[in-house]
Structures are given as C-alpha cells and as structure tokens.
Undergrad: 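What follows is a single structure, and I will ask about it in a moment.
Please read these numbers as outputs of a predicted model, since none were measured by experiment.
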Amino acid sequence: MIYLLSPLKKEGTISLPMIAFSLVVDKIDFSSCDTLMFTSKQAVVSANEIDENWKNYPCVAIGGATKRKIEDLGGSVIYYPKEFYGEVLAKDILNNFSDKKLLYLRPKEVSFDSRAYLAKSGIKLEEQIIYETSCVKYALKDKPKESAIIIFTSPSTIKCFFKNFEWHESYMAVLIGHATKEHLPSYCNYVVADEPLIDACVKKAMELMA
C-alpha cells in the first residue's frame, strides 16, 4: 500500500492528507517590490486567491511544481533553480537579482529561513506571510498498514504524521527532497525521489512495490 500525505490525490495511492491550508491576510502589499519569490505551489494558489495582481510581476520559482503552478495561473517565471539548496540559491540570487526588490510570499512556518540566509550574502528580501498550515487529525484506525510505503511531500507532512501516528519498523518513507529528509527521524527507513515532484515520489514508490 502506498499512502500519499499530500492534499493532492494520485492514482495508485491511498490519500491520507496531513495538512490543511488557510489564508491569514486579505491583501498583498506590492508597493516595495518589482519581483516575487515563491517556494511552494500553495503560496501561488494563496496569492491568486488574495489578489490576482501578482501576475503583473516576474517570479522566482523554487521547485518544478511551483514553476508549473505560476505558469498555469498566468504568471511569468524568470528564474527557476531545479534544486533548492541555501548556498546555491543565495549565490544565484546575488548574481542575478541583486538589483531587484524581491518580495517573498510565504507560509507562516518555513523549513528554511530564506531571508536570514540571503541576508548573509547582502541580499535584502522582503517577506509577507499569506497563509498557514495546520495538521489534520486522525483516529488510530486510520494509521497506515504494516509494510506501507508512505510519501512525505514536505516537512509539514512529517510533523503532522508524527502528531497522529507512531512509526512502524516495516514502513518505508519516500521523500520529495533533501530539505524534507532533514525533518525525518533517524530511525525511519527512506528513499528520496529522483526529482522534487509528487509524481516522482509516486513513481519511486511504485518502483519499490515492484
């Protein structure tokens, strides 16, 4: 059995969403920016619900799914790193966007403090929190069966999973990326998807089942 902890549903998996999203503002202040930065597709969806004027600004997209969501909703992507590692991101932004006024539209909690990290390189990054995540609560009867493959798509899905259930030694985790790996307890067996995409996670899980 393959359990997908994302709110998205994918064929061949059992849907067990761990997180719910809610907006925390009703407007976005674009007055001090000329470029937007998104690190998740949910941030793009949230921005679109609050104010569709975000589409008037070029976007830095972290991650393939984020890039696709920006483009699907009518925005334009001017920079897209295939991997999101702090040092690489800081160097690229310093080289390409040091003259830009970046606005990072983000969730309330983040797994990586982009603003603080970029500040070390002299890059000023404005932020606005536009949404937050909360954990979905489950009963013990909903716990994944033994020998299950469990797909974690973010650090938040890991946190919420362990709020609901205890890990079983027969489980195997499939992780969407290395940033997510940092939040998984060391006693858990895991593999990392070949690309930081949910479809790549599902593919990896299917390979493990074969």
Undergrad: Short question: side chain of Lys55, backbone of Asn48 - any donor-acceptor pair under 3.5 Å?
TA: no
Undergrad: With heavy-atom distances below 4.5 Å as the criterion, would you say the side chains of Thr153 and Thr180 are in contact?
TA: no
Undergrad: Does Met206 CE have over 12 foreign heavy atoms under 6.0 Å away?
TA: yes
Undergrad: Side chains of Val136 and Met18: closer than 4.5 Å at any heavy-atom pair?
TA: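 No - every pair of side-chain heavy atoms lies 4.5 Å or more apart.
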Undergrad: Which one of Ile2, Ile151, Ile198 satisfies the side-chain contact (heavy atoms from CB on, under 4.5 Å) criterion with Lys10?
TA: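 Result: among Ile2, Ile151, Ile198, Ile198 is the only option passing the side-chain contact (heavy atoms from CB on, under 4.5 Å) with Lys10.
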Undergrad: Val191 and Leu175: same hydrophobic cluster, using ILVMFWY side-chain contacts below 4.5 Å?
TA: no
Undergrad: Donor-acceptor pair, distance only, cut-off 3.5 Å: does the side chain of Asn164 make one with the backbone of Tyr138?
TA: yes
Undergrad: In this structure, would Leu5 and Leu197 fall into the same cluster of hydrophobic residues linked by side-chain contacts under 4.5 Å?
TA: no
Undergrad: Would you check if the side chain of Tyr171 reaches a backbone N or O of Pro144 as a donor-acceptor pair within less than 3.5 Å?
TA: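 Yes: the side chain of Tyr171 pairs with the backbone of Pro144.
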Undergrad: Does any N or O in the side chain of Asp142 come within less than 3.5 Å of the main-chain N or O of Ala139, such that one atom is a donor and the other an acceptor?
TA: yes
Undergrad: Would you list the pairs meeting ring-ring contact (aromatic ring centres under 6.0 Å, His included) in which at least one residue belongs to residues 34-54, sequence neighbours left out?
TA: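 ring-ring contact (aromatic ring centres under 6.0 Å, His included) check on residues 34-54 returns Phe38-Trp54.
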Undergrad: State yes or no: do Trp167 and Phe165 share one hydrophobic cluster built from I, L, V, M, F, W and Y residues joined by side-chain heavy-atom distances below 4.5 Å, directly or via other members?
TA: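 Looking at the clustering, Phe165 is in the same group as Trp167.
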Undergrad: May I ask you to say whether Asp51 pairs ionically with Lys27, meaning some side-chain N is under 4.0 Å from a carboxylate O?
TA: no
Undergrad: Tell me, do Cys160 and Phe152 make a side-chain contact under 4.5 Å, heavy atoms counted?
TA: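 No, too far: nothing below the 4.5 Å cut-off.
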Undergrad: For Ser156 and Thr133, which heavy atoms make the closest approach, and how far apart are they?
TA: OG-OG1, 4.0 Å
Undergrad: Within the 4.5 Å heavy-atom criterion, are Leu105 and Leu36 side-chain neighbours or not?
TA: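 Yes, side chains in contact.
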Undergrad: Between Glu132 and Arg106, does any NZ, NE, NH1 or NH2 come within less than 4.0 Å of an OD or OE carboxylate oxygen?
TA: no
Undergrad: Is any side-chain heavy atom of Ile130 closer than 4.5 Å to a side-chain heavy atom of Gln42?
TA: no
Undergrad: To the nearest 0.5 Å, what is the distance between SG on Cys33 and OH on Tyr57?
TA: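 That separation rounds to 5.0 Å.
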Undergrad: Is a donor on one side and an acceptor on the other found under 3.5 Å between the side chain of Tyr3 and the backbone of Lys145?
TA: yes
Undergrad: If two hydrophobic side chains count as joined below 4.5 Å and joins carry through other members, does Ile70 share a cluster with Leu103?
TA: yes
Undergrad: What are the two closest heavy atoms between Cys188 and Phe162, and how far apart are they?
TA: SG-CZ, 3.9 Å
Undergrad: Using a strict cut-off of less than 4.0 Å between a Lys/Arg side-chain nitrogen and an Asp/Glu carboxylate oxygen, indicate whether Glu71 and Arg68 qualify as a salt bridge.
TA: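 No, Glu71 and Arg68 are not salt-bridged.
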Undergrad: Out of Lys181, His183, Glu182, which residue meets the side-chain contact (heavy atoms from CB on, under 4.5 Å) rule with Ile158?
TA: His183
Undergrad: Identify the heavy atoms of Ser147 and Ser170 that sit nearest to each other, and give their distance.
TA: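 Shortest heavy-atom separation between Ser147 and Ser170 comes out as N-OG, 2.7 Å.
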Undergrad: Rounded to the nearest 0.5 Å, how far does CD of Glu169 lie from CE of Met172?
TA: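 Here the rounded value is 12.5 Å.
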Undergrad: Would you call Val174 and Tyr190 a side-chain contact if the rule is heavy atoms closer than 4.5 Å?
TA: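 Val174 does not reach Tyr190 side chain to side chain.
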Undergrad: Is there a donor-acceptor pair under 3.5 Å between the side chain of Gln128 and the backbone N or O of Asp29?
TA: yes
Undergrad: Report the C-alpha distance between Ser46 and Leu23 in whole Å, list the side-chain angles of each, state the deciding distance to 0.1 Å, and finish with yes or no for side chain to side chain contact (heavy atoms under 4.5 Å, CB included).
TA: CA-CA 7 Å; Ser46 298; Leu23 301 178; 3.5 Å; yes
Undergrad: I'd like to know whether Tyr104 forms a side chain to side chain donor-acceptor pair (under 3.5 Å) with Thr39, so could you lay out the CA-CA distance, the side-chain angles of the two residues, the decisive distance to 0.1 Å, and finally the verdict.
TA: CA-CA 8 Å; Tyr104 175 25; Thr39 58; 3.0 Å; yes
Undergrad: Give a yes or no on whether Ile78 and Met37 share a hydrophobic cluster (residues Ile, Leu, Val, Met, Phe, Trp, Tyr; joining criterion: side-chain heavy atoms under 4.5 Å apart).
TA: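 Yes, same cluster.
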Undergrad: Do Phe21 and Pro107 have side chains that get closer than 4.5 Å, going by heavy atoms?
TA: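 No - every pair of side-chain heavy atoms lies 4.5 Å or more apart.
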Undergrad: For Leu8, does its backbone N or O pair with a side-chain atom of Ser6 as donor and acceptor, under 3.5 Å?
TA: yes
Undergrad: Are any non-hydrogen side-chain atoms of Cys135 and Lys159 less than 4.5 angstrom apart?
TA: yes
